[in-house]
Each structure stands twice: as structure tokens, then as C-alpha cells.
Amino acid sequence: MKTFRLLTLPLLAAAVACGSATTVVNGDLEVAVDERMHLRVRSLGPAGRPGCGEFGAAAALVADEAEMTDFRLSSKERTNDGYVLTGVYDKEGVRVEKHQKITAPAEFPGMLVVDTYYVNRGIPVTVSALVSNSLRVEADSLVWSFEPSSTSARADWILPVRPGFEQRNYLGMNNSDYGGGIPMVTLWRPDGGISVGLTEKTLKPVSMPVQWRSNDRYATLGLRRDFDDKVRMEPGDTLAAYSGFISTHRGDFYNPLHRFSEYMQRESGVEFAASEPGAFEPVWCAWGYERTFTADEVIGTLPKVAELGFKWVDVDDGFQIAEGDWEPNKRFPGGDRDMRRITDAIHARGLKAKLWWAPMAADPGTKILREHPEMQLVTEEGAPEYITWWDSYYLSPVNPATREYTLGLVDRFIRTWNFDGLKLDGQHLNCCLPDHNPHSGLNAPEEAVEQFPTFFKAIFDRARALKPYAVVQLCPCGCAMNFFNMPYMNQAVASDPTSSWQIRLKGKAYKAINDRLAYYADHVELSDGGCDFPTQLGIGGVVGSKFTWPKNNPNVKEDYLLTPEKERLYKHWVGLYNAKMLSTGDYLNLYDIAWDKPETHVIAKDGRMYYAFYADEWQGGAIELRGLDPAKRYTVCEYTAEKPASYPLDGADPFIRPAFEGSYLIEVIPNEQ
């Protein structure tokens with residue numbers, strides 16, 4: 001079998017004999033370090049250890065005086081799980097020591113953790129950037145990538161990479177209200193891939209650049225920390241790169257992302273909440289009536305919501321006076337009584353109620369900003385940080401006054417108005433700028449970014465204290481969520497997807513991070529054709545809709561009216577969802593989402609396997625049903641059809657040859673059942 005080799009980015013590459021290298025192996029991953037502290041990273045295939053590859057400078061200290069990539073290895077110390085290495089850069093008065101620890105965590109085969117710091121032993125140097133774990137993958141015409149960062153482009157997290165491609169993937173603020181993400185990037189070919197990322201306990205403002213220069217044979221990825229204000233290293237000063245990891249794998253991004261998540265849970269104290277059973281129930285959202293909805297419109301739709309099998313009612317944006325002033329507006333003259341009227345009507349139908357909310361946002365001129373200007377996040381320039389999407393300002397997430405005000409709102413929404421959950425909405429929920437407001441009580445402005453997730457912890461804990469079964473959803477509006485916010489929600493969401501593809505790829509990513517987390521596939525109206533229930537069901541998502549009934553809101557241009565045709569469709573698919581509850585099953589990573597055709601996802605539940613295939617058109621080519629027992633016989637059921645058809649299958653010959661357009665979903669049942 002061909003061995004998949006992953007090579008380091010050669011800032012100053014040269015071949016080095018194998019015998020002079022220091023090697024660390026963990027599972028199939030081998031990292032070798034040569035006499036210049038260059039790395040060679042490769043995956044060891046079943047055929048055995050391959051011959052020497054190329055070495056290259058995977059790390060660099062970039063200063064005005066020199067770009068330091070070659071550090072003459074001066075010492076190495078073997079540890080129980082790796083090596084501690086020291087090298088020296090010494091040229092024209094610039095003398096810097098590089099200290100690097102490479103650790104192979106035994107519980108995480110295929111992964112190495114790299115910690116690096118530099119000590120200045122010569123003249124002062126002015127540092128502009130630190131590069132670490134900069135690696136390259138040999139490619140032909142295409143490699144696939146996982147790049148989960150947050151910008152106003154709201155791009156796919158899985159992207160094809162071809163010559164000329166470049167994406168920075170900065171985890172700090174990229175636009176006025178876009179930032180954060182999942183601190184890992186991946187490049188993979190059909191025969192394997194490599195991932196790099198951070199193992200810090202808090203979000204750090206680092207870039208994870210992915211690039212394929214034109215006329216080059218290699219696509220590259222790595223970590224880069226740029227200093228807006230250059231760092232002056234005096235003699236004796238120390239400067240550390242962020243702790244990071246290298247991981248090799250077969251298949252797509254799922255396994256390395258799952259491995260990274262497990263590592264962070266065990267080594268960094270990240271604890272994910274298990275989702276409430278209610279978080280897996282189907283959702284109807286009143287957003288079909290948009291911001292001018294009325295209580296009567298919501299209440300009038302409830303009979304049809306219950307009849308179709310939905311269990312949750314999400315009351316969306318439009319009840320408030322303004323972002324920041326969260327009292328009911330003039331369409332709800334009874335104030336608290338009107339909001340309670342809505343939840344009482346929802347509960348009378350046996351349904352649960354969730355309230356939309358954009359915390360941390362306050363519009364200019366609102367009462368809250370007039371009375372409490374000390375709550376605002378203040379930038380380095382002394383100005384407020386602007387949230388473009390809401391035409392609002394950030395309230396500081398770490399400000400004590402903001403915290404007290406926010407928790408008071410949670411009390412009102414859940415205790416006084418009697419909602420059963422919260423939908424926290426907005427891309428600004430992912431990250432913020434450093435906070436220079438003295439009222440926030442920080443030791444350093446950057447602590448606002450690092451402590452950002454504690455804002456959501458406070459909301460989550462208070463909501464769950466008021467109602468232990470409360471569902472808290474974080475919706476970062478099309479962005480890759482800040483990984484460190486994820487412990488403080490029990491329902492993820494496709495978050496304004498622009499396609500069915502985004503629904504599926506986001507679902508696979510969330511399931512890799514936390515396989516106990518409910519994943520709401522958002523309004524089906526946002527999927528391809530506005531009705532792609534097969535994508536919602538097949539990925540193991542929670543189904544949802546924002547239909548209107550018996551008529552549209554006259555102020556809304558879009559038509560979301562539940563026609564008789566749609567009603568039959570919705571009743572069929574929501575009924576299937578409630579009968580199967582695949583969202584509570586186990587997602588099995590048996591197929592590469594990019595390279596395997598057709599695109600395939602598999603859920604295991606109650607001893608049965610549920611396969612979902614997606615393609616514009618499939619003309620009957622053979623598809624292998626992976627994961628079946630070759631010693632068993634099965635019945636394949638086309639369970640989503642109005643008249644389900646069945647046919648036998650031998651586990652020793654697990655191939656089917658369907659023809660379909662769009663999607664094909666099947667249930668595979670062992671014959672003993």
C-alpha cells in the first residue's frame with residue numbers, strides 16, 4: 001500500500017541523513033527533527049516505515065533583524081513521552097535560543113503536541129511574527145480543506161484547494177462583528193491528511209493560513225502569530241509561541257477534529273454539556289412572520305404546529321423595543337402579560353417555548369446605554385466596538401455591570417415570561433476586541449477575548465438553575481463557532497446556512513466535536529429548494545421550519561405560507577423524524593465527505609443502520625454499505641418513500657446500485673430483527 005507522506009514547508013529546505021535525526025512516533029505519526037531543528041512529518045502506513053523524506057523549517061521567529069529558521073541543535077533530552085530540544089541561531093550579533101518540547105500523548109495516537117519558546121542571548125531584536133507547525137502536503141490538482149473561521153463572507157468550512165488558493169483563517173476579529181472559530185485546520189487527499197491547531201485553554205488571536213501557491217507542487221497549512229505592535233526582545237527576554245498540535249489521519253477532517261476535542265476535554269478542562277432530550281425535538285420558528293410578528297399570529301399558528309408534529313415554538317426577533325432594551329415594544333402593550341400570554345398558549349398545546357435574544361448588543365440611543373455607559377466595550381482608540389449586523393454596540397462580555405444586567409434578563413425571560421429555552425443569536429457572539437474600559441476591571445485588555453466564554457457560562461448556568469431542562473442554543477449567524485463557547489450550550493444550529501451542503505458539513509463538524517450535542521438543522525426553508533428534509537434527517541439533525549399559517553404577515557415579502565402541498569410534505573417528514581429520532585443515534589464516520597461519491601452519512605440506532613446518500617444525480621453505480629457484518633443478512637428499506645420498498649442484502653456483498661436525484665435514504669435492518 002502506498003505510504004502517504006506529509007512534508008514540512010521548506011523555508012530553507014535541505015536533505016538530511018536519517019541517522020542524524022531525532023524521531024518521535026505516536027501511532028502512525030512520525031516527526032523527525034534534524035540538526036537545524038527542521039521537521040519532517042509523515043504518516044507511517046501499513047507497509048512499514050518509509051525511507052527518508054525532506055526536512056524543512058516548520059517554525060520561524062520573524063524579526064526586523066533576521067527571519068530565523070535555522071537553529072543549530074545543541075542539546076536534546078529524552079522524556080517519558082517525547083523530547084525536549086534546544087538549538088541556537090547565531091549570526092551577525094543576533095543570537096537566539098530555541099527551546100522545543102515535542103510530546104506524544106499516549107491516549108491520542110496520531111497526534112503530537114509542540115511547545116516552543118525563544119530566549120534572546122544577543123543583541124536586541126524586534127519581532128513581528130512567530131510561525132509554528134508550518135507544514136505542506138504534496139498535491140496534484142486538488143486537495144480538500146477544513147477551515148472553520150469566521151468572516152463576513154460566511155464561507156463554507158470545507159473548501160477545495162487548488163493552485164492560487166489562499167485563506168488566512170484568523171481567529172481574532174476579522175470584521176467589526178466577525179471573529180473566532182474552531183482552532184484547527186486540515187488538508188487531506190484521498191489517501192490521508194494532516195491537521196494543525198492550538199491546544200491553548202483559551203482562544204488566541206492566531207492565524208491558521210492555508211495556501212497553494214501557483215506553480216508549486218504543495219499546499220501548505222500552519223499557525224502564524226502576527227504582532228500588531230512589534231515585540232522588542234532585549235537580551236535575556238523570552239517569547240513563547242502558542243501551544244499547538246500536529247495530527248495525521250485517514251479520511252476527512254472528522255477523526256482529527258474528534259481527537260482534538262477529546263484532547264481538549266481531557267487535558268484542558270473543556271467540559272461539554274449533554275443535550276436535554278427536549279433539545280432533540282422538532283422546532284417551528286415564528287421567523288416566517290419576521291420582525292413585525294404579532295402575538296395573535298404566533299398563537300393562531302399553534303394548532304397547525306402541533307398537528308404537524310413540531311414540539312418547540314421559537315419566538316424570534318421583533319418583540320423588543322431595541323437591541324439592548326429588551327422590554328416588549330408597542331405591539332405588545334401589555335408588556336410582561338402579553339409575553340406570558342404567548343407562552344401560556346404554547347404550553348396549553350403541550351409545546352415548549354424558546355425565545356430569541358441577541359445578548360451583548362445595545363443600539364445607540366437606548367435606555368441601557370444612556371443609564372449605564374460603563375457597560376460598553378471600549379476599543380484601543382477609546383471608541384465603542386460596532387456590531388454592523390444589528391447597528392449596535394458591544395456591551396463588554398466581562399464587565400460586572402453587563403453580567404448583572406444580562407442575568408436579570410435571563411430571569412425575566414425564563415421565570416417571568418415562562419420560556420423554556422433561549423436562542424442566542426448573532427455572529428458577534430463569537431469574539432470581541434480587547435476591552436480597554438476601566439470599568440471592566442481587567443488586568444489587560446486582551447483578557448476580554450480570553451474570558452469571553454464566561455459570559456455564556458453565566459447565561460447557561462442561570463437558565464439551567466431556573467429550569468433544569470432549559471435548552472440554550474448558540475447561533476453565530478453563518479460562522480464557525482468559537483470552540484470555547486461550545487460547553488455553554490446544549491443545542492447547536494446550522495446557523496443561517498446558505499445551502500444543504502452547509503447543513504451537512506456543519507452537522508458532521510459538530511458531531512465530531514461533541515457526539516452528545518443536539519444539532520438543529522435550522523429552518524428547512526434555508527435548504528436547497530426550501531424543502532430539503534432529507535438533508536436534515538440524514539445528517540442526524542433536528543428538523544425545523546418557519547412556515548406561516550393561515551396567512552402570511554402582510555409586511556413580509558417572502559412567501560412562507562403552508563400550502564396543502566407543503567402540509568402533506570411536512571407531515572410526512574416531521575412524522576418520519578419523530579418516529580426515527582435519528583438525531584439521538586450515533587453518527588458513524590465511515591465515509592470521506594469530500595472524496596467518497598456519492599456523499600454519504602451514516603447513523604446507527606437501535607441495532608439498525610441509516611444511510612443517507614447525496615448527489616445531483618446518481619445513475620446506478622455501485623455503492624458500498626460500509627460498517628455491515630459480512631456474516632449477516634439484511635433487509636434494505638427505502639423508508640422515506642411514501643410507499644417504502646424493501647430488498648435483501650448479503651453483508652458479505654454489501655453493494656447497492658440505486659439511481660436517484662438529490663438524495664437517497666435507506667434503513668438497513670439485520671434479518672434477526
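As a basis for the values below, the full set of heavy atoms in this structure was taken, side chains included, without hydrogen atoms, waters or symmetry mates. Residues: numbered from 1 along the sequence shown. The shown structure was predicted, so the numbers you read here are calculated from the model rather than taken from an experiment.
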Is any side-chain heavy atom of [X] closer than 4.5 Å to a side-chain heavy atom of [Y]?
X: Met481; Y: Leu474; value: yes
X: Tyr591; Y: Val602; value: yes
X: Gln451; Y: Leu442; value: yes

Verify the distance criterion only: is there a donor paired with an acceptor across the side chains of [X] and [Y] at less than 3.5 Å?
X: Gln100; Y: Thr116; value: yes
X: Ser74; Y: Thr86; value: no
X: Ser396; Y: Asn437; value: no
X: Thr498; Y: Arg154; value: no
X: Arg225; Y: Tyr242; value: yes
X: Asp28; Y: His249; value: no

request  = Please name the residue in the list Phe260, Trp144, Phe253 that meets the side chain to side chain contact (heavy atoms under 4.5 Å, CB included) test with Thr186.
outcome  =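 Result: among Phe260, Trp144, Phe253, Phe253 is the only option passing the side chain to side chain contact (heavy atoms under 4.5 Å, CB included) with Thr186.
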Any Lys/Arg nitrogen of [X] or [Y] sitting under 4.0 Å from an Asp/Glu carboxylate oxygen of the other?
X: Glu138; Y: Arg136; value: no
X: Arg213; Y: Glu166; value: no
X: Asp115; Y: Lys101; value: no
X: Lys508; Y: Glu599; value: no
X: Lys201; Y: Glu450; value: no

query = With a distance cut-off below 6.0 Å to the six-membered ring centre and an angular limit of 45° from the axis, does Arg72 pair with Tyr89 as a cation-pi contact?
reply =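 Arg72 over Tyr89 ring: no.
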task = State whether Phe55 and Arg36 meet the cation-pi test: NZ (Lys) or CZ (Arg) under 6.0 Å from the six-membered ring centroid, and within 45° of the perpendicular axis.
result =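 Judged by the rule (NZ or CZ under 6.0 Å from the ring centre, within 45° of its axis), Arg36 is not positioned above Phe55.
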Donor-acceptor contacts, no H, no angles, side chain residues 263-270, under 3.5 Å, sequence neighbours left out:
from   : atom 1 : to     : atom 2 : distance (Å)
Gln265 : NE2    : Ser261 : O      : 3.3
Gln265 : NE2    : Ser261 : OG     : 3.1

message = Test side chain to side chain contact (heavy atoms under 4.5 Å, CB included) on Val62 and Phe227; report intermediate values, then the result.
response = CA-CA 10 Å; Val62 183; Phe227 298 100; over 6 Å; no
request  = Indicate the ring-plane relationship of Tyr510 and Tyr519, choosing parallel, tilted or perpendicular according to the 30° and 60° boundaries.
outcome  =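 Tilted, since the angle between the ring planes falls between 30° and 60°.
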inquiry  = For Thr151 and Asn175: C-alpha separation, side-chain torsions, deciding distance, then whether side chain to side chain contact (heavy atoms under 4.5 Å, CB included) applies.
reply    = CA-CA 6 Å; Thr151 74; Asn175 307 101; 3.7 Å; yes
Residue pair Thr69, Met37: steps toward the side chain to side chain contact (heavy atoms under 4.5 Å, CB included) verdict = CA-CA 8 Å; Thr69 58; Met37 297 189 73; over 6 Å; no
inquiry  = Given 3.5 Å as the limit, does a donor-acceptor pair link the side chain of Asp435 with the main chain of Leu377, or not?
reply    =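 No; judged by distance alone, with no hydrogens or angles, the pair does not exist.
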query = Of all residues at least two apart in sequence or in a different chain, which pass the ring-ring contact (aromatic ring centres under 6.0 Å, His included) check with Tyr254?
reply =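 So Tyr254 forms a ring-ring contact (aromatic ring centres under 6.0 Å, His included) with Tyr587.
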key: Non-neighbouring partners of Phe455 that pass ring-ring contact (aromatic ring centres under 6.0 Å, His included), sequence neighbours left out   =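 Here no residue qualifies.
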request  = I would like to know whether Tyr488 and Phe484 meet ring-ring contact (aromatic ring centres under 6.0 Å, His included); could you show each step before the answer?
outcome  = CA-CA 9 Å; Tyr488 311 120; Phe484 296 95; over 10 Å; no
